[in-house]
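The chains referred to below are lettered A, B, ... by the order of the sequence lines, with proteins before strands, and numbering in each begins at 1.
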Amino acid sequence: MLQRRHDDLVRCPNAIDIRRAIRNREIARIHHPQINVQRLPKLSRTPRPRLRTSLTGRKRPTLPDPMHALFILAPILVQTAHRGLVPRVKHRHTKRPQKITHSISPAQFFLCGPRRYKIHRSRQVHPRPPEQTTHALHYTGSARAGEESLASQPPIHYTIQPMNPSAEQTPVTPRSVDYAQWYLDVIKRAELAEHSPVRGCMVIRPHGYAIWEKMQRELDDRFKATGHVNAYFPMFIPLSFLAREEQHAAGFAKECAVVTHYRLKSQNGEVVVDPDSKLEEPLVVRPTSETIIWAQYKNWIQSYRDLPLLINQWANVVRWEMRTRLFLRTTEFLWQEGHTAHATAEEAIEEARRMLDVYADFAENVMAVPVIKGCKTPGERFAGAVETYCIEGMMQDGKALQMGTSHYLGQNFAKSADVTFLNRQGQREYVYATSWGVSTRLIGALIMTHSDDNGLVLPPKLAPIHVVIVPIFKTDTEKSRTLEEAGRVAAELRAQGLTVKLDDRDGIMPGAKFYEWEAKGVPLRIEIGPKDLDQGSLCLVRRFLIEQPGESAADQRKRRKQFLPRAEALASVRPLLETMQRELLERARALRAARSRIINSLAEFEEFFRGDTPGFAWVHWAGSPEQEEEFGKRFETSIRCIPFPDQIPPAAQGPGTCLLTGQPSSQRVLMARAY
RNA sequence: CGGGACGUAGCGCAGCUUGGCUAGCGCGCUUGGUUCGGGACCAAGAGGUCGCGGGUUCAAAUCCCGCCGUCCCGACCA
């Protein structure tokens, strides 16, 4: 038996799967309660003679390193385990396989169950300082006591890494460990986007873009339904245009990309900017399009009969941000910007409010993200706006995210672009304006509101794929039968207007497919295997459930899965999707409620935001803008909005006194940390 | 722009302190076989200007200098 083991090991000279290598000795079953501990000493003795001969015999130089490692470590493993030092160890979830930041004993890595590790001999002779061992654990062979043959040997260090990290290749860091990293991991695993070679810019991958397309469709339909039409304006804005509206220009001055030349040339084999091609007037890459659009509106508007002018454009814009995060804040992003012109202030304000309602409706009914509508404080107002309205959502970590804004611009842009009209009374008057926009940031909101430690969770209304079908089979005949049935099921679901993906890829285990589609947020999975063919059933698995307290991950997995008679299963897909859409909103509402507090004192405020579960604070505020800024810096919070009265929870209604100054305040505002 | 870290195969990383074997490992990829109801295994392969430039040396991924780039933490902002 030992010989066989030896041969096994030699055949894979570069890495050893310890569990496999010693599986037959039952060491791997140590963590099972029924293991007979009495057998362990015997087992632990077995490798020793081998070790000695290996080290002293002439075969030693050719002995594969990992094998060497195994035979040195095996006794330690067994002994440690035998002494009961580490009876049962669960693998702690780490970000990357190599980055095991906590100390792990040989017995730990050996016993950690489904994951395997390789031992890799390091050329390194000296131990590293502890802080440098974060990516790998080095273990000294000489640590083994009482082995004379090793005493004269120089210490040998081993790098211990998880083996077969296919399971961990792109793991999702749990939210509880590092929320920011979790967010990035979800994006990566779901293949939504990635960093591009250009700093601060992202590549939106097909799956991420498909979500954006769904959002576009929903929003565009709503814009059309409220009388808007689409148009397109150029990406380049002459510098002088931007400068026309003073506040606006000042607001964006620090984050503009500027085009100054229009030609390149070859110079000494290098491509360089041709200095002779300098533009007379630099062009600003639009950070937003008010100025260039209003320059055009001047030609389009003469009379009240031309109003209202209701135009939207889908475009990209560039804002040169210092720090960026995928989807939430990137240098270039995709968005939609509506720009409307009206004859009266009332009408324009009504338009701005109407579009905010459209956004809120979209957020809640399509994205399943509850939002609070309100006004921005003057300090947070859009540069050049008279009033900025916004919708604010709460992410799972309790931080607020501005998900859309709508501005009443008054006559500011009409004045700067000199856009006037003759009203019914024949008087010349400046036009009243609005603008409003939402961006790919919404995808960030979607991720941070619903997703979990398994990856993306999508509301069915925005899922590019509603149902994924995974066929399961052993033999060729089973394969053709299941695929045939899967094709039929797919066709029937498509006939219901659903988007269905049949994952018939070869050579990938069904389990791997399950994980992949879960990470991508597909709401429903149908498994079709031989059992189903025989019984006329289908296995329906939903992406998420409302968590029940005390429920384990395994229990939840079980509860997500149901075998149903074929017809019943097919009929239940649509209702199930609708249920899930509803439950996502409910769950998000419940989280927001749990993380919202009515706060009346400074001490309470401080305690709320110092604690583990900060969120939305409903407070009375009557401070000055300077106090607002200082207060915000002190607690890293900001006034997210001055909510519309109907947005304030009943218990928080009514006047009170400012928690900082004690001045009277007519209503509460929403304070939170924000993205 | 200030502080910190990093740059080695498509991805994740070892190797560098103390220069020298043919630059390795895992994943992924290719081919063949066995598998398949929660991340399969075996075998054989393909894949690298070690960020760029210069210097020291018989010899540089490793030491020195310069540059470029990326990420993180601040100031700024949606």
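Nucleotide G39(B) holds its C1' atom 13 Å from the CG atom of D503(A), rounded to whole Å. Between R205(A) atom CZ and C11(B) atom P the separation is 12 Å, expressed in whole Å. Between E191(A) atom CD and G10(B) atom C1' the separation is 13 Å, expressed in whole Å. Straight-line distance from the CD atom of E194(A) to the C1' atom of U70(B): 15 Å, rounded to whole Å. One atom, OH of Y183(A), and another, C1' of C72(B), lie 17 Å apart when rounded to the nearest Å. In this structure, CG of L442(A) is placed 11 Å from C1' of A78(B), rounded to the nearest angstrom. The nearest whole Å value for the distance from the CD atom in Q336(A) to the C1' atom in A78(B) is 14 Å. Summarising the geometry, the separation between CD on E636(A) and P on G74(B) is reported as 8 Å, rounded to the nearest angstrom.
Looking at heavy-atom distances under 4.0 Å, S638(A) makes no contact with the nucleic acid at all.
Of the charged side-chain nitrogens involved, at least one lies within less than 4.0 Å of a carboxylate oxygen, so that R481(A) and D534(A) count as a salt-bridged pair. Between D452(A) and R543(A) there is a salt bridge, with a side-chain nitrogen of the basic residue lying less than 4.0 Å from a carboxylate oxygen of the acidic one. At a threshold of 4.0 Å, the pair R488(A)-E485(A) counts as salt-bridged, since one of the basic side-chain nitrogens sits closer than that to a carboxylate oxygen. Salt-bridge formation is detected for the pair K479(A)/D506(A): a Lys NZ or Arg NE/NH1/NH2 atom is positioned less than 4.0 Å from an Asp or Glu carboxylate oxygen. Salt bridge K376(A)/E392(A): present, at least one basic N to carboxylate O contact under 4.0 Å. A salt bridge is absent between K633(A) and E628(A): the closest approach of a Lys/Arg side-chain nitrogen to an acidic carboxylate oxygen does not fall below 4.0 angstrom. In summary, K188(A) and E194(A) do not engage in a salt bridge, as defined by a charged side-chain N under 4.0 Å from a carboxylate O. E518(A) has a carboxylate O that lies under 4.0 Å from a charged side-chain N of R560(A), or vice versa, which qualifies the two as a salt bridge.
With both ends at atom P, the span from C6(B) to C16(B) equals 14 Å, rounded to whole Å. A distance of about 47 Å separates the C1' atoms of A46(B) and A78(B), rounded to the whole Å. Annotation: A9(B) and U17(B) have their C1' atoms spaced 26 Å apart (nearest Å). Distance check on atom C1': G28(B) versus A40(B) gives 16 Å, rounded to whole Å. Taking atom C1' on both U35(B) and C41(B), the two are 8 Å apart, rounded to the nearest angstrom. If you take atom C1' in C50(B) and the same atom in G38(B), they sit 39 Å apart, rounded to whole Å. Look at the C1' atom in both G10(B) and G53(B): the space between them is 27 Å, to the nearest Å. For the C1' atoms, the distance from C71(B) to U31(B) is 38 Å, rounded to whole Å.
How far CD1 of I211(A) is from CZ of R205(A): 12.5 Å, rounded to the nearest 0.5 Å.
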Interface polar pairs with nucleotides 1-6 of chain B, N/O, under 3.5 angstrom:
none

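Summary of the strand contacts: G200(A) and E321(A) both lie near RNA chain B, and taking for each the nucleotide with the nearest heavy atom, the more 5' one is attributed to G200(A).
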I'd like to compare against my own output: the B/S/- annotation of nucleotides 31-38 of chain B with a strict under-4.0 Å heavy-atom distance to protein. ----BBBB
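Ring to ring, Y179(A) and Y183(A) are not that close: their centroids are 6.0 angstrom or more apart. Remark: aromatic rings of W212(A) and W314(A) are close, center separation under 6.0 Å.
For residues 324-333 of chain A, every residue pair satisfying the side-chain hydrogen bond (donor to acceptor under 3.5 Å, both in side chains) rule, not counting sequence neighbours, is listed here: N316(A)-E332(A). The ring pair (Phe, Tyr, Trp, His ring centres under 6.0 Å) analysis of residues 370-397 of chain A, with sequence neighbours excluded, yields the pairs H248(A)-F382(A), F252(A)-F382(A), F382(A)-H407(A), Y389(A)-F644(A).
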Could you write out RNA chain B as a dot-bracket string, with dots for unpaired bases, | for bases paired across to another strand, and Watson-Crick or G-U pairs counted at under 3.5 Å? ((((((((.[[[[.)....(...]]]].((((((.....)))))).....[[[[[..)....]]]]])))))))....
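Non-hydrogen atoms lying under 4.0 Å from RNA chain B are contributed by nothing in residues 379-401 of chain A.
The base of C77(B) sits with one of its N or O atoms less than 3.5 Å from a complementary donor or acceptor on the side chain of R329(A).
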